[in-house]
Amino acid sequence: MNKAGRAAGKGRYVNRISGKWLLLLLGLLLFGCGTSNNDNTSETDLEELAKTEVNEYEGQDLSSLTDFRENSIKGPQYIDVDVYTLTIDGLVGKPVALSYDEVLDNQKYTKAVTLHCVEGWSVDILWEGILLADLFEGVDVQASADTVIFYSEDGYSTSLPLQTIMERQLMLAYKMNGVVLPPERGFPFQLVAEDKLGYKWIKWITRIELSDDADYKGYWEQRGFDNEADVGP
Ligand SMILES: Nc1nc2c(c(=O)[nH]1)N[C@H]1C(S)=C(S)[C@@H](COP(=O)(O)O)O[C@H]1N2
Ligand SMILES: [Mo]
């Protein structure tokens with residue numbers, strides 16, 4: 001090999017090395033984006049999503065998922081479903097931390113229920129979800145538990161009597177109007193607190209605690225909102 005050939009060969013070698021580094025860098029970049037920017041962890045085009053939603057159920061007109069007024073205490077939460085767990089603990093014999101799929105591995109229920117916000121607006125939505133009663137079956141709820149406290153990714157919390165949850169067969173929704181809840185609407189789970197005001201409809205639920213503190217006051221309840229939160233007649 002002549003001088004020029006050696007030089008050219010060396011050049012190719014250098015190019016190959018930097019090419020490898022470039023690929024590694026690209027890979028790292030893609031991996032980085034992939035973990036923080038998948039379907040559930042980036043902003044949703046709600047207008048686009050609304051084109052796929054159900055508009056009517058058993059003859060009843062439904063509101064749209066775009067009809068909510070976003071007024072959450074810290075704005076939408078973007079939860080990575082790959083690392084998400086729903087903890088159920090407190091006064092239970094067998095506390096659990098369930099993955100998204102494990103929560104969904106229960107009987108599904110569908111029901112049209114209206115959410116009324118204290119600010120005076122409301123939405124009629126077709127919810128699809130699973131019964132809290134079914135989740136509680138697996139954790140061995142202790143007899144002293146009379147209150148269920150829900151906690152969320154954004155630091156929000158609220159509570160309901162255990163009896164209300166069981167009697168009214170309240171559910172955790174994972175779909176609204178036939179589409180999976182977008183992050184802006186509470187992905188992965190929102191409590192369908194039927195007949196209760198909007199501030200009981202906690203979104204982005206991460207933990208459910210069985211408790212005997214019937215006087216527990218959640219985020220808005222601490223700030224003067226009624227703990228019963230019954231929707232007026
Ligand atoms: N985690 C969490 N859940 C929440 C809230 C919140 O700020 N954080 N706001 C509540 C209120 S006041 C209402 S009316 C309903 C619907 O709120 P949205 O229109 O902002 O979705 O979500 C409820 N759930
Ligand atoms: Mo609200």
Side-chain angles (χ1 to χ4, degrees), residues 40-50 53-54 62-81 83-88 98 100 103 111-130 132 135 147-161 164-165 168 170-209 211 216-232:
N40 304 314
T41 55
S42 59
E43 206 177 309
T44 313
D45 185 339
L46 292 176
E47 298 291 338
E48 200 56 36
L49 186 62
E53 74 183 329
V54 171
L62 300 168
S63 309
S64 168
L65 58 85
T66 58
D67 290 339
F68 289 72
R69 318 244 176 101
E70 215 313 299
N71 55 7
S72 308
I73 57 164
K74 287 185 183 159
Q77 303 295 304
Y78 296 90
I79 292 179
D80 184 346
V81 71
V83 296
Y84 172 81
T85 55
L86 175 65
T87 299
I88 308 177
L98 303 169
Y100 182 66
V103 176
K111 193 169 187 184
V113 186
T114 304
L115 180 157
H116 301 268
C117 175
V118 283
E119 291 184 325
W121 54 271
S122 64
V123 281
D124 308 318
I125 298 287
L126 180 64
W127 304 95
E128 188 171 321
I130 50 127
L132 283 158
L135 289 179
T147 302
V148 181
I149 308 174
F150 298 86
Y151 301 89
S152 164
E153 184 79 4
D154 60 352
Y156 192 88
S157 70
T158 192
S159 63
L160 284 175
T164 303
I165 288 172
R168 302 196 194 173
L170 297 189
M171 64 178 180
L172 290 189
Y174 72 104
K175 274 188 179 181
M176 59 194 301
N177 291 353
V179 305
V180 172
L181 297 188
E184 291 77 2
R185 294 288 169 272
F187 179 88
F189 302 111
Q190 177 172 32
L191 177 64
V192 180
E194 189 170 359
D195 300 330
K196 299 288 180 181
L197 289 165
Y199 57 87
K200 294 287 182 184
W201 294 57
I202 183 170
K203 298 177 282 190
W204 310 296
I205 301 168
T206 54
R207 179 181 170 213
I208 301 174
E209 180 190 7
S211 161
Y216 178 87
K217 294 203 169 45
Y219 183 89
W220 283 120
E221 293 88 337
Q222 277 171 43
R223 288 160 177 79
F225 285 92
D226 180 27
N227 206 14
E228 302 300 319
D230 284 319
V231 175

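Numbering of ligands and ligand atoms starts at 1, following listing order.
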Between ligand 1 and the protein, which N/O pairs are shorter than 3.5 Å?
from: ligand 1; atom 1: 1 (N); to: Ser152; atom 2: OG; distance (Å): 3.0
from: ligand 1; atom 1: 1 (N); to: Asp154; atom 2: OD1; distance (Å): 3.0
from: ligand 1; atom 1: 1 (N); to: Asp154; atom 2: OD2; distance (Å): 3.2
from: ligand 1; atom 1: 1 (N); to: Lys203; atom 2: O; distance (Å): 3.1
from: ligand 1; atom 1: 3 (N); to: Lys203; atom 2: N; distance (Å): 3.0
from: ligand 1; atom 1: 7 (O); to: Ile73; atom 2: N; distance (Å): 2.8
from: ligand 1; atom 1: 8 (N); to: Asp154; atom 2: OD2; distance (Å): 2.8
from: ligand 1; atom 1: 17 (O); to: Lys203; atom 2: NZ; distance (Å): 3.4
from: ligand 1; atom 1: 19 (O); to: Arg69; atom 2: O; distance (Å): 2.7
from: ligand 1; atom 1: 20 (O); to: Arg69; atom 2: O; distance (Å): 3.3
from: ligand 1; atom 1: 20 (O); to: Glu70; atom 2: OE2; distance (Å): 3.4
from: ligand 1; atom 1: 20 (O); to: Asn71; atom 2: N; distance (Å): 3.1
from: ligand 1; atom 1: 20 (O); to: Asn71; atom 2: OD1; distance (Å): 3.2
from: ligand 1; atom 1: 20 (O); to: Ser72; atom 2: OG; distance (Å): 3.4
from: ligand 1; atom 1: 20 (O); to: Lys203; atom 2: NZ; distance (Å): 2.9
from: ligand 1; atom 1: 21 (O); to: Lys203; atom 2: NZ; distance (Å): 2.4
from: ligand 1; atom 1: 24 (N); to: Trp201; atom 2: O; distance (Å): 2.9

Legend entry - side-chain contact (heavy atoms from CB on, under 4.5 Å) against Ser157, all qualifying residues, sequence neighbours excluded: Tyr151, Tyr216
Legend entry - With sequence neighbours excluded, residues passing side-chain contact (heavy atoms from CB on, under 4.5 Å) with Thr85: Thr87, Ala97
Inset, instruction - Hey, can you tell me if Tyr100 and Phe187 have their rings parallel, tilted or perpendicular (30° and 60° cut-offs)? - result: tilted
Inset, instruction - Enter the distance from Tyr156:OH to Lys203:NZ here, rounded to the nearest 0.5 Å. - result: 8.5 Å
Inset, instruction - For residues Tyr199 and Trp220, establish whether the separation of their ring centroids is below 6.0 Å. - result: no
Inset, instruction - For Arg69, check side-chain contact (heavy atoms from CB on, under 4.5 Å) against everything at least two apart and list the hits. - result: Trp121
